[in-house]
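Heads up, the thing below is written out as structure tokens.
Sequence lines set the chain letters: A, B, ... in the order given, protein chains first and strands last, and positions in each chain run from 1. Predicted model only: the values in this text are computed from it and were never measured.
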Amino acid sequence: MNKENGDLMMRTVALAGNPNVGKSTIFNALTGLKQHTGNWSGKTVSYAKGLCQYEGHTYNVVDIPGAYSLLAHSKEEEVARDYLCFGGADGVVVVCDGTCLERNLNLLLQILELTDKVVVCVNLLDEAAKKGIKINLPLLEEKLGVPVVGTVAHHKEELGSILKRLEEIFAAGEKREAVYINYPDYIEEEIGRLTNILPQEIGDKAYKRWLALRLLEGDQGFKETLLAQNSKAEEIEKEAEESRKRLQERGIAKETLADEIVTAILRKAQRIAEEVIYYENEDCHQKDRRIDRILTGKISGYICMALFLVAIFWLTIVGANYPSELLGIFFDRGEIFLADLFVQLRLPEALSALLLEGVWRTVGWVVAVMLPPMAIFFPLFTLLEDVGYLPRIAYNLDKPFKCCKACGKQALTMCMGLGCNAVGVMGCRIIDSPRERLMAILTNSLMPCNGRLSALIMLFSLLALAKGGGELGGIGIALGMSALLVMSLFATLLINKLLSQTILKGVPSSFVLELPSYRKPQIAQVLVRSVFERTLLVLKRAVVVAAPVGALLWVLANISAGEMSLLSYLAAKLDGIGSLMGLDGVILLAFILGLPANEIVVPIIIMGYLAEKGLVETSSLSQLQELFWANGWNEVTVICLLVFMLFHWPCATTIWTIRKESGSLKWSLLAILLPTFLGMSLCIVINLAAKVFGF
Amino acid sequence: MEYTLKDLPAGSWSYVKRLDINGKMRRRLLDLGLVKGNRVSCMGASPLGGLRAYQICGAVVAIRDEDAALVLIDRPRGWGDE
């Protein structure tokens, strides 16, 4: 295959495998690159690359999306297939799940038809052992004809042997006899004919054979990619057409041919599995089934979902209190220290104020108040994902999605949206049907992302305080947050329904939802990595986004346009629509300025008020409440703000991702308008109702 | 009478006979291991219905009832049966 790099010593190695086999964990261990690993299909949505050194050789490791088959079904499987077929990798590491090897052998055998430069890595051996599944690795190696390495994803030593076996393959161009799949004679005849006419330079014998098979099948998507890659493609296609005709004359329809090919591979996989896998107990998945009986039970399933949700929010709220307080003190003291320093440095007063009141405070707010809940919620949710629970949520919730003519997998993309809407939108690639995928993309931002969750928690705490209950306690807020998420779910379903009855008409399409077996989460690793990851992300955004916006805000507040400051002027312009929605101009302005990142909206509101009213202490919630109430807020304002925080335009990154994923400006615009319209109308209704009923 | 996957009660199993479905979904189901002669067992149903989980080739996948109705199987058997 062709080389991508000029450097001959640099080898490109693709990491392939079914979804949920720990591929990304192995990728991380090999490259040390930070990349989030997921336990559901479609987490690695485009490929990640990283460098890795072993005994003087440098490898360019490419992590491609998980796939069950090279016969692409979904968009992400297409990405995987195209990379393996045309990406020009020197070798492939195929990662398999030791707990269901037979299933994984299907993809492995398909890849082995394509190339024999393969190292097989049977992962999750520890989980397999727990289930009483034993795999004879030397025998598997003998059967497959390529190196086989057994691994437990978090053991580094074994990863070394993957590289060692890879090196074996590359060294001296050793020719191995990889496993060979025999097809019925009439197929073999046509394969023989086609391989003879394929040009020499196209690849080795195995690759030609593989190509001939695909040509016989007449796979449409594949044909297009091939046409783009090869100049002789049309000639070849003509021959393939004749071969297909010959088969048809013998009474073999296209469907039969595909069946025969798939069946031949599956049979081979079964034969190998029977020989190399030993089951110690008859029913090795018994434990999974017991857990499933509870987590997907008729009533218990929903109780568990609710419990998990409330528990996660509760832990987030309680856990964030202390670090928030500490960070608050740090930023307060820091301000005093910096103020002294600036005086000593004889900085101009305006510059000093810009830096302290504008930049430092906004950043301080984002870090002290928004960061701790984000850094706690995210890893907790990641843990749920790590044990394999999220596909069960989709399983439990399929019916309502089906009623809205949507795909059950949309629930998975919504879960991803809780972490980040941009990731959720990308994750929609796991949905096969273009119509259902578009629906999932358009509605993803109705799910509050990590940054908005933080703001929602803060607003709820404020509401609890205003209600006079003092500290309502974590449980009350957690319940409120859970209720908000249920509201998001209903809004998503409602808009799905609306879309499927108007501009995205269609019938629900077929889909297959994989339910991976439960596994012990790598708690320490998940906690450390995702807390670290979130913290870094928020800190980076605080510097890149919050700091300049803080500065801009200060400038707006201190430049006068006629009688009042520019800030007041802009806010006054927005006041009309703001007050109709139960909010005010400053809040709306904050939402507009907060377009780059949702976690800066509330800090901007505070800065906006402070900049106008002069200095106020804001280190505690009750002082904040005073500030807000002094600016004309009441409970209805907070409720409207909660609703608008939940439903408004997506952040800039998400909009950009939607544009890329939907490929059209029209859909991106709709994705902005839908939640905005929903949020605005809800706010207006709430505000008017409150006025009518005299709150 | 002819049975389909939809008629397979939770906790029972059978052998696949053929697929009455064409196009992409046929490929997908074949790829999962739903080929003639393979064993398939039903693991349970989604609490609200409409979707059921099946074990095929050692892995569990959920398929909507509409699709399951297009997979023809042999008579359902209980756990102990052969």
*Under a 4.5 Å cut-off applied to non-hydrogen side-chain atoms, are Tyr183(A) and Ile261(A) in contact?*
yes

_With sequence neighbours excluded, residues passing side chain to side chain donor-acceptor pair (under 3.5 Å) with Arg437(A)_ = Glu661(A)

*asked:* As an exercise: rank Ala273(A), Gly301(A), Ala258(A), Ala394(A) by heavy-atom pairs under 4.5 Å with chain B and give me the winner.
replied: Ala258(A)

*Mind checking side chain to side chain donor-acceptor pair (under 3.5 Å) for Glu275(A) and listing every partner two or more places apart, or none if nothing turns up?*
Lys143(A)

*Mind ranking Lys36(B), Arg28(B), Met25(B), Arg26(B) by heavy-atom pairs under 4.5 Å with chain A and telling me who comes out on top?*
Arg28(B)

_Counting heavy-atom pairs under 4.5 Å with chain A, which one of Leu51(B), Val35(B), Ile56(B), Asn38(B) comes out on top?_
Leu51(B)

*asked:* As an exercise: rank Ile21(B), Leu19(B), Asn22(B) by heavy-atom pairs under 4.5 Å with chain A and give me the winner.
replied: Asn22(B)

*asked:* Heavy-atom pairs under 4.5 Å with chain B - which of Val262(A), Asp432(A), Asp398(A) has more of them than the others?
replied: Asp398(A)

*asked:* At a 4.5 Å cut-off on heavy atoms, which part of Leu515(A) comes close to chain B: side chain, backbone, both, or neither?
replied: both

*Donor-acceptor contact present, side-chain Glu260(A) to main-chain Pro184(A), <3.5 Å*: no

*Among Leu32(B), Leu29(B), Ile63(B), single out the residue with the greatest number of heavy-atom pairs under 4.5 Å to chain A.*
Leu32(B)

_Distance alone, cut at 3.5 Å: any donor-acceptor contact between the side chains of Gln286(A) and Arg289(A)?_
no

